Amino acid sequence: METVVRVAVPIPAYRCFDYLAPAGVPLESLLPGVRLSVPFGNRIRVGYLIAVVETPGCEVERLRPAGAVLDAEPLLSETDLKLLRWAARYYHHPLGEVIQSAFPVHLREGRGAELARPSGLVLTPAGAALDPATFRRAPVQRRLFEILHGRERPLPASRLAELAGSGRTVRDAARRLVERGWAEWVDLQDRRIPAVVGSPLQLNPAQLGAVDEISANLGRYGVFLLEGVTGSGKTEVYIEVIRRVITRGEQALVLVPEISLTPQLERRLCERIEAPLAVFHSGLSETERAAAWLGFQKGEVGVLLGTRSAVFAPMRWPGVIILDEEHDRSFKQQEGFRFSARDVAVMRARMADIPLVAGSATPSLESIRNVQRGRYVRLVLPARAGAAVAPRYRVLDIRARRLQDGLSEGLIAAMHDTLAAGDQVLLFLNRRGFAPALVCHGCGWVARCRRCDANLVLHARESRLRCHHCAAEHGLPGCCPSCGQEDLRPLGVGTERVDEALRRLFPEVGVARIDRDSTRGRRSLERMLERVQQGEVGILLGTQMLAKGHHFPGVTLVGILDVDAGFYSTDFRAAEHTAQLIVQVAGRAGRGEKPGTVLLQTRHPDHPLLQRLLRDGYPGFAAAELAERESACLPPFGYQALWRAESKELALSMDFLARLREEADGKNGAVHWLGPAPAPMPRQAGRYRAQLWLKSARREELHAVLTDALARLQETPERRVRWSLDVDPVDFY
DNA sequence: AGCACGCCGACT
DNA sequence: GTCGGCGTGCTC
C-alpha cells in the first residue's frame, strides 16, 4: 500500500487534495508543514503537507503522485501549523490560502529556503584603512562607509534601504564598495542571538513595575494591556522586556500597524538591543522579506519588527509578542483572508505559551472588556514628570458661524496667539483633496463618479476630479455639463483647501500638509516631519496619518476641524474610532512646561459621547460606550460576521445573500440576521454590492451557522457573484 | 483561482 | 463558416 499525503493547495476551496507520496521519499520526511510541489489540474503548484493519511478522500485511481518535497524540514512548527489551522477555521477561510499567507512570496513560489540567506555588509581591511575623503564624489558610498566604520557587527542587508533616499541607491553604493574590494558580504547564517544585549534603560517605577510583571510571566501565556498616553514611555517597557527575552535566548515579535512606524521603532530597538533585528513589511523587496522571515524562522534574528502580515512569521524560540497601538484598525486585513493580527497574535501567544504585550493610549473596547473579565492584565503608565501635561480640551460651537475654508474665527484667533508665542499648531481634518464635491451653482448638478455611488473629489492644484473609491479620474469641466453655465463651485472642505487658506491667512508661516496626496514620494513624509521638527513649519495640517506615532513637541495647539463627521455615522464603531483619533491627535501636542490645548469644532457641542470624552477622558468615554454596546448586544458583548456579495447587478448580489439566509434561517434561533441589504455604497467600480449581517451572543452558534452555510455553498456554488465572509468585521462599507 | 469545455452571436 | 464571449465544472 502506497503512502498517501493530504495537501492544502492555495485555492479558494474548503478542502484538501490527496496525493501519492513522491517516489523514494522516506516517511520521516513527510512532516506536516513541509512544502510540496504537486501537479494540480494541468499546472504545478506549491502545496502544504497537512498529514499522512490512511484512507484517501477519493478513489485511489485518481491519486496523482506529488512532485517533490521542497523542505528537508518543515519551515512551520507544529504550533505554527496549529495556529494557521485555527485561523482557517475561525475566519472560515480556505486552509491552503491561510497557510500560504504565512509565507513570503519567494517561498510560496517554491524557491528553496536556503537561497535567500540573510547577509550583512562589513568593511574589508583595505576598506577600513581608507580615508573618508576617498568618497568626495560619492556621497552615498561615503555615508555607507562611515556607518560601516562605526560598527562592530555586519550591517544587515535588510537595513540598507533606510539609510538614504531610495533603497536602490544604497544598494548600488554597497555594490560599488564590494566591487572595489573595500567591503564584503558576510553570511549572517550561523549567527545566533548573542547573549550580550545592550545596557539597561533607566526606568521609572511604573515602567519597572510593568516590566517586572511581564517578565515574571516569561515562558507562560498572559496578555498585558499596557496603557499609557503618548510620552508615558511604553517603548522603554517594550525594549526592556525584549532585552530580558533575548537574554533568555528567545525571540521577540514586534507588530506595528503601519510601515511608517517601523523606522523610528527600529532605531530605538537597535540602540538598545544588540541582537540581530529584521524588519518585515510590504515596503521591502521580496528577497529582503524572505531573508527576514527565514532569519527569524531559523532563530538567527532576535527581533522581528513588522506589520500585520508578520504575525504568522515562524519563531524558532518564541519569547514574546509586542503589539504596539493595539487599538489600530490597520491590524485587520480588509481583503482576501480577513484576519485580525491583534486577535491572531493573542491566540498565537496562547498556543506558544508566551506573553503578549499590547500597548495603547486608547485601547480598543475589546481589550478593555478583556481586562474587566480578568483575561488580560492591565498595566498603567502614568504620564512622566517632565513629559507633556494632559491637554486642555475646548469645544468650539460652530453652529450658525461662518467658516473660512473650514476654519472658525475662534480657531484662527487661537492660532495667531499660539504662533505669536513661537509655538506650532496642528490641524486635523480627515478628508483629503480640495473639496469633497463640485457643484453647479446654476442647476445643482454635482460631479459624480460614473462607476460608484459617490461624488468626485476636487483636487484643485492638479485640476483633477478624482473618485476616492475607484481609479476614476477626470479633468475639470470648464462649464456645467448639464446646463452649460460657467459657475462650478467646490463644496465642502478638504486638507488641500485648508492648506491654501492657511497660506493666505498666515502668509509668513510655513505650512506642512501631511496626507496621502502630499506624501506620495518615497521619503517625502520623513522630509516633511524633519522640517516640522526643525521649526521651519508653524502649522502642521493633515489627515489621520498625523495621529500615528510621531510626536511634535513644538505643537501646543491642536485644532480638530470636523469632529461631527466621526460621531454621526452608521458604523457602530465610529464613536470609538473618533474618540481614539481625538485623543491620539491631542497626544501629539504639548511639552513639559506648556500643556497643549485642543480645540474641537463641532455643530453638536452637547453630543453625550463627546461630552463624556471631554469630561472624563478616554477611560470615561470607554465605560459609557461599553455600556451602550452591552445594551445593544454589540461587540465585545456579541459576535458578528458580515457576508458581502458583489456582482454586475444589485439583484444578483441581493438574491445570492437572500438564498444563504433562507437556507439557514430558523435553524439556529441564537443567530440574528440583518439583511440582505445594499452596502452603504451600493455601487463601487461598476459592481453592485450587498451585505448580510449575522449577530449572535454566542460565538459558537455563529460559527456553526457559517460552517453550515459554507458547506451548502460548496455543493451549489454561485459563480456570477463574488462573495467574501468577514468574521469580526471592523468596517461596514 | 486558473483552465478547459461548450454553446451562442458578429466578423474575416 | 470560425473567433471569442463567459457560464459551468473540476482540480487529488
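In what follows, every chain begins at residue 1, and chains take the letters A, B, ... in the order their sequences are listed. The structure displayed is predicted, hence computed values, not measured ones.
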Below 3.5 Å between N/O atoms, which protein atoms pair up with nucleotides 5-12 of chain C? Just atom names and distances, please.
{"residue": "dG9(C)", "atom": "N7", "partner": "Arg719(A)", "partner atom": "NH1", "Å": "3.1"}
{"residue": "dG9(C)", "atom": "O6", "partner": "Arg719(A)", "partner atom": "NH2", "Å": "2.8"}
{"residue": "dC10(C)", "atom": "N4", "partner": "Arg719(A)", "partner atom": "NH1", "Å": "3.1"}
{"residue": "dT11(C)", "atom": "OP1", "partner": "Arg62(A)", "partner atom": "NH2", "Å": "2.6"}
{"residue": "dT11(C)", "atom": "OP2", "partner": "Arg62(A)", "partner atom": "NH2", "Å": "3.1"}
{"residue": "dT11(C)", "atom": "O3'", "partner": "Gly41(A)", "partner atom": "N", "Å": "3.1"}
{"residue": "dC12(C)", "atom": "OP1", "partner": "Tyr19(A)", "partner atom": "OH", "Å": "3.3"}
{"residue": "dC12(C)", "atom": "OP1", "partner": "Pro39(A)", "partner atom": "O", "Å": "3.1"}
{"residue": "dC12(C)", "atom": "OP2", "partner": "Arg64(A)", "partner atom": "NH1", "Å": "2.3"}
{"residue": "dC12(C)", "atom": "O3'", "partner": "Asp18(A)", "partner atom": "O", "Å": "2.6"}
{"residue": "dC12(C)", "atom": "O3'", "partner": "Arg64(A)", "partner atom": "N", "Å": "2.8"}
{"residue": "dC12(C)", "atom": "O3'", "partner": "Arg64(A)", "partner atom": "O", "Å": "3.4"}
{"residue": "dC12(C)", "atom": "O2", "partner": "Asp18(A)", "partner atom": "N", "Å": "2.9"}
{"residue": "dC12(C)", "atom": "N4", "partner": "Arg15(A)", "partner atom": "NH1", "Å": "3.1"}

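Ring-plane geometry between Trp723(A) and Phe656(A) is classed as parallel, the angle between the planes falling under 30 degrees on a 0 to 90 degree scale with a further cut at 60. Under the 30°/60° scheme for interplanar angles, the aromatic rings of Trp86(A) and Tyr90(A) are found to lie parallel.
Taking atom CH2 of Trp723(A) as the reference point, atom C1' of dA1(B) lies 13 Å away to the nearest angstrom.
With no hydrogens or angles considered, a side-chain donor-acceptor pair links Ser364(A) and Glu326(A) at under 3.5 Å.
Residues forming a ring-ring contact (aromatic ring centres under 6.0 Å, His included) with Trp693(A) (at least two apart in sequence, or on another chain): Phe732(A).
For the pair Asn42(A) and dG2(B), the criterion of a side-chain N or O lying under 4.0 Å from OP1 or OP2 is not met.
A cation-pi geometry, defined here as NZ or CZ lying under 6.0 Å from the six-membered ring centre and within 45° of its normal, holds between Arg289(A) and Phe280(A).
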